[in-house]
Amino acid sequence: MPKIPKTTRKNDDAKAAGKKGVTKKTARKKAAPAAAIVKAAPALPAEPTATAEILDRLFNVVVSRKGTDPAVSHSARLLSRGRRKIAQKFGEEAVECLIEAVAGNTEELVGESADVLYHLIVMWVDAGIHPSDVWAELTRREGTSGIAEKAARPRDPLAV
Ligand SMILES: N=c1c2ncn([C@@H]3O[C@H](COP(=O)(O)OP(=O)(O)OP(=O)(O)O)[C@@H](O)[C@H]3O)c2ncn1[C@@H]1O[C@H](COP(=O)(O)O)[C@@H](O)[C@H]1O
């Protein structure tokens with residue numbers, strides 16, 4: 001095989017990396033933050049035994065509990081206590097969740113996350129929000145980076 005001069009190899013590497021004067025090595029270095037993000041996100045199991053569809057089912061159950069016996073149903077009890085109490089419970093669960101996150105307690109964080117989602121759903125039922133309203137909002141945002149969204153916001157002319 002003919003020996004390829006080093007400078008040509010470097011340029012080919014740069015071409016492959018899509019940048020002038022950037023070698024594979026430096027391109028890899030520059031790509032590191034994105035690679036780190038991908039690595040940090042835990043992969044979903046190949047065949048998850050439970051999926052987010054539980055949220056729609058849970059919503060329907062909570063709706064069905066509205067006006068039923070508060071002695072039998074926790075959802076009915078919460079809904080009967082009113083918006084302020086529901087919001088307070090949601091806030092408490094959110095704080096418990098963040099405490100576990102900061103402490104690095106993964107297992108506890110899973111449990112607290114479930115509490116947050118349940119209480120969020122109770123809050124939606126009380127507020128007359130359907131989960132599909134929230135799914136639609138998430139879908140509308142899909143693919144727009146938060147950085148880009150923030151940069152596109154109209155600037156407050158009075159801001160210094
Ligand atoms: N996912 C949940 C869920 N998560 C948490 N909780 C309850 O939320 C309560 C939170 O406990 P707390 O002590 O913080 O609340 P609290 O007793 O109201 O406390 P106070 O502030 O009133 O003193 C506990 O009783 C938990 O069991 C839940 N209760 C119900 N569900 C789901 O909702 C469905 C319907 O439940 P019921 O409405 O109870 O039939 C169930 O089948 C579940 O799928």
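In what follows, residues are counted from 1 in the order of the sequence shown. Every number for a ligand or one of its atoms is a count from 1 in the order of the listing.
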Atom 40 (O) of ligand 1 sits nearest the protein heavy atom R65 NE, 2.8 Å
Contact between ligand 1 and Q88 is defined here as a heavy atom of the residue under 4.0 Å from a ligand atom; is it met? no
To the nearest 0.5 Å, atom OG1 of T68 lies from atom CG of L79 at 8.5 Å
For L58, the atoms of ligand 1 under 4.0 Å from one of its heavy atoms are 32 (C), 33 (O), 44 (O)
What one should report as the nearest heavy-atom pair of A46 and P48 is O-CD, 3.6 Å
Ignoring hydrogens and geometry, is there a side-chain-to-backbone donor-acceptor pair from T139 to W135 under 3.5 Å? yes
Under 4.0 Å between heavy atoms, the region of K85 that gets near ligand 1 turns out to be side chain
protein heavy-atom neighbour closest to atom 34 (C) of ligand 1 works out as V61 CG1, 3.9 Å
Separation between OG (S75) and CZ (F59), nearest 0.5 Å, reads 12.0 Å
- Item | Verify same cluster id: I129, L117 (apolar side-chain graph, 4.5 Å) | yes
Residue, atom and distance of the protein heavy atom nearest atom 36 (O) of ligand 1 read S75 OG, 3.7 Å
Right, does atom 11 (O) of ligand 1 have protein non-hydrogen atoms nearer than 4.0 Å? no
Residues R83 and D126: closest non-hydrogen pair is NE-OD2, 2.7 Å
Can you confirm whether something in the protein, heavy atoms only, sits under 4.0 Å from atom 42 (O) of ligand 1? no
Decide if atom CD of E149 counts as having more than 12 heavy atoms of other residues, nucleotides or ligands within a radius under 6.0 Å. yes
### Message
Looking at E137, I want to see if its CD is surrounded by more than 12 non-hydrogen atoms of other residues, nucleotides or ligands under 6.0 Å.
### Response
yes
Protein contact for atom 28 (C) of ligand 1 (heavy atom, distance under 4.0 Å): yes
- request: Check whether any N or O atom of E92, backbone or side chain, sits under 3.5 Å from an N or O atom of ligand 1, and answer yes or no.
  value: no
#### Entry: 4.0 Å protein heavy-atom contact status of atom 23 (O) of ligand 1, strictly under
no
- Query: Got a sec: does the CD1 of I147 have more than 12 other heavy atoms crowding it under 6.0 Å?
  - Reply: no
Side-chain donor/acceptor of D56 to backbone N/O of E53, under 3.5 Å: no
In this structure, CD of E100 is separated from CG of L109 (nearest 0.5 Å) by 7.5 Å
Logged contact type for V62 with ligand 1, heavy-atom cut-off 4.0 Å, is neither
Contact region, D115 to ligand 1, non-hydrogen atoms below 4.0 Å, reads side chain
For E93, the ligand 1 atoms with a heavy-atom partner under 4.0 Å come out as 14 (O)
Going by the 4.0 angstrom heavy-atom rule, the piece of H74 near ligand 1 is both
Going by the 4.0 angstrom heavy-atom rule, the piece of R57 near ligand 1 is neither
Atom 13 (O) of ligand 1 sits nearest the protein heavy atom K89 NZ, 4.5 Å
Does atom 5 (C) of ligand 1 have a protein non-hydrogen atom under 4.0 Å from it?
yes
